[in-house]
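Note sheet for the following structure.
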Amino acid sequence: ADIIERKVKALAGRILGSGKRAPTLIRESACSVPNSRNIEEDLAREGHVRRAGPGLYHLAGMCADLFNHFDSVFRDIALKVGAEEEHYPPFISVRDLKRLGFFDSTPQYATFLTHLKEDVDQIDTFTAEVRGDQGPLIPNGHGSLAGLEYMMASTVCCHAFACRSDSTIPNSIVTARNICTRYEGRNLAHLNRLWAFNMREIILFGDTPKYAEDGRRCILEETEALLQRYGLGYRVERANDLFFNSEFGKRAEFQRGLNMKIEIRLTVPATQRSVACASFNLHHSNFGKRNNITSPVGKPIHSACIGFGIE
């Protein structure tokens, strides 16, 4: 009990150390097509959504069609602002994420990957141990598994920065969709908060802060216009990431003070709650400096990323 109490106090101290951070409302739009029904059970009963594990869901039928539709309209926004399409692998190296500062900010999201060692005896041992109905689970720290050199990425933009490391680039915009993972334990909740999900991102690289800021503002306006055409209720809020370190308060206040992170939260009439569906982020020159990405005049690039959670 003492150990649990110590851990709870330590975590609460990190998050609340510099005071409560309620979302800062920028503006909101009411829902013109309210639906009072909670459709989660309906979707499951009719086979449109099937649970595969904690924070893992299959989409079929109507939900699969909606998935493709919304990815298409978000891609159209990207192309409208001049983005070029890119495709990335679902994995990224631990080394690349370390350079980007992932382990200094949100390590709690990490999902690591491994494989069997390239050794016939180890493979045979592993196969014998998990074969049949008696041994379907793999013990922790199994000796046949290789080291943890790769991970699932928690964002799409980390691939865009990693593949441009140590290079000089012109002003540019790219878009990509990829599977992202964020392990959030007991906070995983149906399609509202998933362990593995698809995200369409638009990433901007520019030689000035204004390039990134103007691009973000334009995409935010396009997104709001889209939601209004669909008659969806939403809130635009100033937000911050959940940094999991002793400097949570400082980093959160820094993000909010410089208006670095804006979220759109969709209204869910049946529950009177909201769910984050899109994030509009300014990085300033942080990743340009970390990854040695420079503009043609030799200065670190400024960047922004906009992420749309498809599910």
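We're numbering straight along the sequence, starting at 1.
Both F112 and L100 are members of a single hydrophobic cluster when ILVMFWY side chains are connected at heavy-atom separations under 4.5 Å. Y57 and M62 end up in the same hydrophobic cluster when Ile, Leu, Val, Met, Phe, Trp and Tyr side chains are linked at under 4.5 Å. Linking Ile, Leu, Val, Met, Phe, Trp and Tyr residues whenever their side-chain heavy atoms come within less than 4.5 Å leaves Y183 and M151 in two separate clusters. Each of L194 and L113 belongs to its own hydrophobic cluster when Ile, Leu, Val, Met, Phe, Trp and Tyr are linked at side-chain heavy-atom distances under 4.5 angstrom. I39 and V275 fall within the same hydrophobic cluster, where Ile, Leu, Val, Met, Phe, Trp and Tyr residues are linked whenever their side-chain heavy atoms come under 4.5 Å apart, directly or through other members.
At least one donor-acceptor pair closer than 3.5 Å links the side chain of N171 to the backbone N or O of D207. Formation of a donor-acceptor pair under 3.5 Å by the N178 side chain with backbone atoms of T155 is not found in this model. Counting only distance, with no hydrogens or angles, the side chain of E201 and the backbone of V156 share a donor-acceptor pair below 3.5 Å. Judged by distance alone, the side chain of S72 and the main-chain N or O of N68 form no donor-acceptor pair under 3.5 Å. In this structure a side-chain-to-backbone donor-acceptor pair under 3.5 Å is present from K117 to G143. Within the 3.5 Å criterion, the main-chain N or O of Q122 finds a donor-acceptor partner in the side chain of S144. Side-chain atoms of T114 come within 3.5 Å of backbone atoms of A146 as a donor-acceptor pair (strictly under, hydrogens ignored). Not a single donor-acceptor pair under 3.5 Å links the side chain of R164 to the backbone N or O of G288. Judged by distance alone, the side chain of R182 and the main-chain N or O of S154 form a donor-acceptor pair under 3.5 Å. Side-chain atoms of N291 never come within 3.5 Å of backbone atoms of I293 as a donor-acceptor pair (strictly under, hydrogens ignored).
To the nearest 0.5 angstrom, L191 atom CG is 12.5 Å from F197 atom CZ. In this structure, CD1 in I310 is found 11.5 Å from CG in L66, a value given to the nearest 0.5 Å. In this structure, the separation between CG on D65 and NE2 on H48 is 9.5 Å, given to the nearest 0.5 Å. Residue K261 holds its NZ atom at 4.0 Å from CG of N281, rounded to the nearest 0.5 Å. The SG atom of C277 sits 9.0 Å away from atom CZ of R265, with the distance rounded to the nearest 0.5 Å. The distance from atom CD of E184 to atom CH2 of W195, rounded to the nearest 0.5 Å, is 12.0 Å.
Contact between L227 and I264 at its shortest, heavy atoms only, is CD1-CG2, 3.7 Å. T223 and I219 make their closest contact through OG1-O, 2.8 Å (heavy atoms, listed as atom of the first residue, atom of the second, distance). Nearest heavy atom pair, residue A196 against residue I179, reads CB-CG2, 4.5 Å. Scanning all heavy atoms of the two residues, the minimum distance from A60 to R50 falls at CB-NH1, 3.6 Å. Nearest heavy-atom pair, L116 versus L145, reported as atom, atom and distance to 0.1 Å: CD2-CD2, 3.8 Å. F205 and A160 get closest at one heavy-atom pair: CZ-CB, 4.0 Å.
Within the 4.5 Å cutoff, the side chain of M260 has heavy atoms near those of the H284 side chain. F74 is not listed as a side-chain neighbour of I202, based on a closest heavy-atom distance of 4.5 Å or more. Taking 4.5 Å as the limit, every side-chain heavy atom of R217 sits out of range of all side-chain heavy atoms of F280. The side-chain heavy atoms of M152 and P90, taken from C-beta on, include a pair separated by under 4.5 Å. By the 4.5 Å heavy-atom criterion applied to side chains, E86 and H159 are not counted as neighbours. Taking the side chain as every heavy atom from C-beta outward, R216 and I262 approach each other to under 4.5 Å. Side-chain contact check for V81 versus L204: every heavy-atom pair is 4.5 Å or farther apart.
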Decide yes or no on side-chain contact (heavy atoms from CB on, under 4.5 Å) for V94 and F102, but give the supporting numbers first.
CA-CA 9 Å; V94 171; F102 173 83; over 6 Å; no
So C158 and L97, side-chain contact (heavy atoms from CB on, under 4.5 Å) or not? Walk me through it.
CA-CA 7 Å; C158 60; L97 284 182; 4.0 Å; yes
Derivation of the side-chain contact (heavy atoms from CB on, under 4.5 Å) call for E40 and N192
CA-CA 11 Å; E40 290 184 4; N192 297 331; 3.9 Å; yes
Walk me through whether H302 and E213 qualify under side-chain contact (heavy atoms from CB on, under 4.5 Å).
CA-CA 9 Å; H302 291 258; E213 292 165 3; over 6 Å; no
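Atom OH of Y150 is surrounded by 12 or fewer heavy atoms from other residues, nucleotides or ligands within 6.0 Å. Heavy atoms of other residues, nucleotides or ligands lying less than 6.0 angstrom from CD of E85 number more than 12.
Aromatic ring orientation, Y230 versus H69: perpendicular (interplanar angle above 60°, classes split at 30° and 60°). Using cut-offs of 30° and 60° on the angle between ring planes, the pair F161 and H283 is perpendicular.
Here D166 pairs with R99 under the salt bridge (Lys or Arg N to Asp or Glu O under 4.0 Å) rule; sequence neighbours left out.
A donor and an acceptor atom, one from each side chain of T175 and R200, are located under 3.5 Å apart.
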